[in-house]
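Only a predicted model underlies this, so the values are computations on that prediction, with no experimental measurement involved. Each chain gets a letter, A, B and so on, in the order its sequence line appears, and its residues count up from 1.
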Amino acid sequence: MIELKVVRADPDRVRESQRRRGEDPTLVDALLQADEVNRGAGAAFDRLRNEQKELGRQIGPLQGKAKGADAAAVAELEGLMARAKDLSDAVKVAEDERDTADAETQRLMLALSNIIELDAPVGGEEDFVVLQEVGTPRDFAAEGFEPRDHLELGTLLGAIDVERAAKVSGARFYYLIGNGALLEFALINLAISQAVAHGLTPVIPPVLVNPPAMEGTGFLGQAAENVYRVELDDMYLVGTSEVALAAYHSDEILDAAKLPLRYSGFSTCFRREAGTYGKDTRGIIRVHQFDKVEMFSFCHPDDAVAEHQRLLAWEREFLDSIEVPYRVIDVASGDLGSSAARKFDCEAWVPTQGKYREVTSTSNCTEFQARRLSIRMREDGVVRPVATLNGTLCAIPRIIVAILENHQQADGSVNIPFALRPYLGGREKFEPIS
RNA sequence: GGAGGAUUCGCCUAGUGGCUUAUGGCGCACGCUUGGAAAGCGUGUUGGGGGAAACCCCUCGCGGGUUCGAAUCCCGCAUCCUCCGCCA
């Protein structure tokens, strides 16, 4: 959530942010009104409660005197008790009113998305700005053969089996087998060693989390329909290890001098992919379950923009090392998640689709998640929220798509990028199985 | 799944209904002392909200209840520990 003081002091800025996102700007006005009511109710409760406590302090000693059969004390006590009784009722009513007003304010606070960075391009999904293109797509026509798509290649190589996965789990599932499984392990090893080389702490987090963790990271808002819920136990399967990494330091006050704290989480990710019927039905581009190495940083809010660039650079380093053409885009305001103030995606070239497809994504969530999860820092005695940022290092299926399609040869074999070879026993290529 | 125990400030801890405005220690910060340090002494040290300020309110795992008044009594839940059962 954003800071209530900002909403009070500069409501126009928040309205503009909502507008650019294509979300409701009148939420701001509803919130301001709820806040007004809430503060009034809070002050009323405080006053009554103060009076009640003061009265309570008089009753105690008086009861001692009254026991000594002091008639005046008994009379006074009766008077005080009568007033205290009335006050008690009034306090309960005031407390209910305050709680109601507070819950409404809180509800609206949680409904507001993060304030976007003003430099982000304005518009919808198609209004992104291309920041950079790296590498050149191969000219398969010039090479004299028609490229196979990743599923055909994966099947030839004995690396991917979606037919049997459909039998076992249904649509949008897959087996990585043989070379496919080995490729995943190699990718993870490469990603983690790069992360460790940059000083990130590797983490294997839980993938089943409780409601506050999910809510705090911002995935129960507009993204809720894509989250798997384990109803019997009131838990959620994470769609990204970002959830477990962000919540790792929840309810903590970190030492500002020790920031940034950087982690790289490896976990399985689960996504319902609701509302994507008919999209990417072939292959493993859009699946319900996949493994991913994710970077996560808790940093000083003043450093967040620079940290965002750092995460982007590390994403690019990984893509460079698997030698596929890609571009970097600045995601438009209407396509940001509710937590993100700014988002950059890296999209790898997919030859058989003739276009770039998202493979990694990095978001600056500023203090939005930290407020919800209560992750703060102490700096010169002052306590304030940290900034959180996340970025994909390697989302397995899409990286596999990019590698298979971009490094394929006419005979159906696939050259292994140099950086991966050490993690595959020095092999240079995957060959079709007989 | 069953039975017991625990949960108070960064850590340890006192606290069985009203002088609790929560005790003491460790740690930490600042100061005094010192040639310098240690020790010693003094002061400060949970978060959050409201208010111009004085100050007020909330916060003793969480949620209810009893009461004029709850860290304290009652009920429910969560987490952790021990034992039993089951199990990778």
Side-chain angles (χ1 to χ4, degrees), chain A residues 1-9 31-68 70 73-110 204 206-216 230-236 244 247-259 261 268 298 367 370-386:
Chain A
M1 65 194 136
I2 63 177
E3 194 180 7
L4 192 49
K5 279 177 187 155
V6 170
V7 183
R8 281 185 208 140
L31 177 58
L32 284 173
Q33 203 186 335
D35 175 46
E36 191 79 24
V37 172
N38 189 26
R39 278 193 287 172
F45 169 78
D46 283 0
R47 257 195 317 276
L48 286 167
R49 180 70 176 144
N50 182 26
E51 204 182 322
Q52 181 185 40
K53 288 176 79 167
E54 225 161 76
L55 208 54
R57 275 192 285 272
Q58 295 170 31
I59 288 174
L62 250 185
Q63 264 181 341
K65 279 197 202 167
K67 278 205 182 110
D70 179 333
V74 171
E76 195 187 347
L77 185 61
E78 270 175 23
L80 286 184
M81 288 291 260
R83 246 184 79 209
K85 186 108 184 162
D86 288 346
L87 209 46
S88 172
D89 292 341
V91 165
K92 280 196 182 82
V93 171
E95 190 175 18
D96 279 351
E97 277 169 9
R98 186 204 55 181
D99 288 350
T100 304
D102 193 62
E104 176 64 2
T105 308
Q106 201 60 27
R107 187 186 70 78
L108 290 165
M109 288 284 285
L110 287 172
I204 300 173
V207 294
L208 212 45
V209 302
N210 56 27
M214 208 50 146
E215 174 81 52
V230 182
E231 205 162 341
L232 195 59
D233 296 287
D234 195 19
M235 295 192 88
Y236 297 95
Y248 184 63
H249 285 300
S250 56
D251 297 316
E252 293 182 23
I253 298 177
L254 308 169
D255 179 356
K258 294 198 171 125
L259 299 176
L261 292 176
T268 301
F298 300 87
E367 295 112 289
R371 280 213 179 76
R372 291 169 159 237
L373 292 165
S374 188
I375 307 168
R376 293 161 294 173
M377 60 175 195
R378 197 189 312 271
E379 185 184 36
D380 303 326
V382 177
V383 174
R384 56 180 285 205
V386 299

In whole Å, what is the span from the [atom1] atom of [X] to the [atom2] atom of [N]?
{"X": "Asn210(A)", "N": "rU79(B)", "atom1": "CG", "atom2": "C1'", "result": "11 Å"}
{"X": "Arg8(A)", "N": "rG49(B)", "atom1": "CZ", "atom2": "C1'", "result": "10 Å"}
{"X": "Glu379(A)", "N": "rC28(B)", "atom1": "CD", "atom2": "P", "result": "21 Å"}
{"X": "Asp234(A)", "N": "rU79(B)", "atom1": "CG", "atom2": "P", "result": "11 Å"}
{"X": "Arg376(A)", "N": "rG47(B)", "atom1": "CZ", "atom2": "C1'", "result": "6 Å"}
{"X": "Met109(A)", "N": "rG49(B)", "atom1": "CE", "atom2": "P", "result": "10 Å"}
{"X": "Met1(A)", "N": "rG48(B)", "atom1": "CE", "atom2": "P", "result": "13 Å"}
{"X": "Met377(A)", "N": "rG47(B)", "atom1": "CE", "atom2": "P", "result": "15 Å"}

Hey, is CD on Gln33(A) packed in by over 12 heavy atoms from elsewhere, all under 6.0 Å? no
Spacing of the [atom1] atoms in [M] and [N] (rounded, Å):
{"N": "rC30(B)", "M": "rA78(B)", "atom1": "P", "value": "45 Å"}
{"N": "rC12(B)", "M": "rG49(B)", "atom1": "P", "value": "27 Å"}
{"N": "rU66(B)", "M": "rG17(B)", "atom1": "C1'", "value": "12 Å"}
{"N": "rC28(B)", "M": "rC11(B)", "atom1": "C1'", "value": "12 Å"}
{"N": "rU8(B)", "M": "rU59(B)", "atom1": "C1'", "value": "11 Å"}
{"N": "rU45(B)", "M": "rG24(B)", "atom1": "C1'", "value": "15 Å"}
{"N": "rU72(B)", "M": "rG64(B)", "atom1": "P", "value": "14 Å"}
{"N": "rU79(B)", "M": "rA54(B)", "atom1": "C1'", "value": "42 Å"}

From rC68(B), rG47(B), rG50(B), nucleotide with atom closest to Gln52(A) side chain: rC68(B)
Within this structure, what is the CG-CG distance for the pair Asn210(A) and Asp233(A), rounded to the nearest 0.5 Å? 12.0 Å
[N] - base-pair partner by Watson-Crick or wobble geometry, distances under 3.5 Å:
{"N": "rU21(B)", "result": "none"}
{"N": "rC32(B)", "result": "rG40(B)"}
{"N": "rA88(B)", "result": "none"}
{"N": "rC26(B)", "result": "rG10(B)"}
{"N": "rU82(B)", "result": "rA3(B)"}

Carboxylate-amine/guanidinium proximity below 4.0 Å for Arg378(A) and Asp255(A):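 Salt bridge flag = no for Asp255(A) with Arg378(A).
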Using a strict 4.0 Å threshold on nitrogen-to-oxygen distance, state whether Asp89(A) and Lys85(A) make a salt bridge. no
[X] versus [Y]: any side-chain heavy-atom pair under 4.5 Å?
{"X": "Leu110(A)", "Y": "Arg372(A)", "value": "yes"}
{"X": "Thr100(A)", "Y": "Glu104(A)", "value": "no"}
{"X": "Arg384(A)", "Y": "Met377(A)", "value": "yes"}

I want to check one thing: is the phosphate of [N], taken as OP1 and OP2, less than 4.0 Å away from some side-chain N or O of [X]?
{"X": "Arg371(A)", "N": "rG48(B)", "result": "no"}
{"X": "Arg378(A)", "N": "rU45(B)", "result": "no"}
{"X": "Ser88(A)", "N": "rU67(B)", "result": "no"}

Leu55(A) vs Lys85(A), nearer the 5' end of RNA chain B by closest nucleotide: Leu55(A)
What residues form a salt bridge (charged side-chain N to carboxylate O under 4.0 Å, His left out) with Glu3(A), not counting sequence neighbours? Arg371(A)
Report, one pair per line, the protein and nucleotides 55-66 of chain B atoms (nitrogen or oxygen only) whose separation is under 3.5 Å.
| residue | atom | partner | partner atom | Å |
| --- | --- | --- | --- | --- |
| rC56(B) | O3' | Asn50(A) | OD1 | 3.2 |
| rC57(B) | OP1 | Asn50(A) | OD1 | 3.1 |
| rC57(B) | O2' | Asp46(A) | OD1 | 2.7 |
| rC58(B) | OP1 | Arg49(A) | NE | 2.3 |
| rC58(B) | OP1 | Arg49(A) | NH2 | 3.1 |
| rC58(B) | OP2 | Lys53(A) | NZ | 2.8 |

Residues two or more places apart in sequence or in another chain: which of them pass side-chain contact (heavy atoms from CB on, under 4.5 Å) with Pro206(A)? Ala244(A)
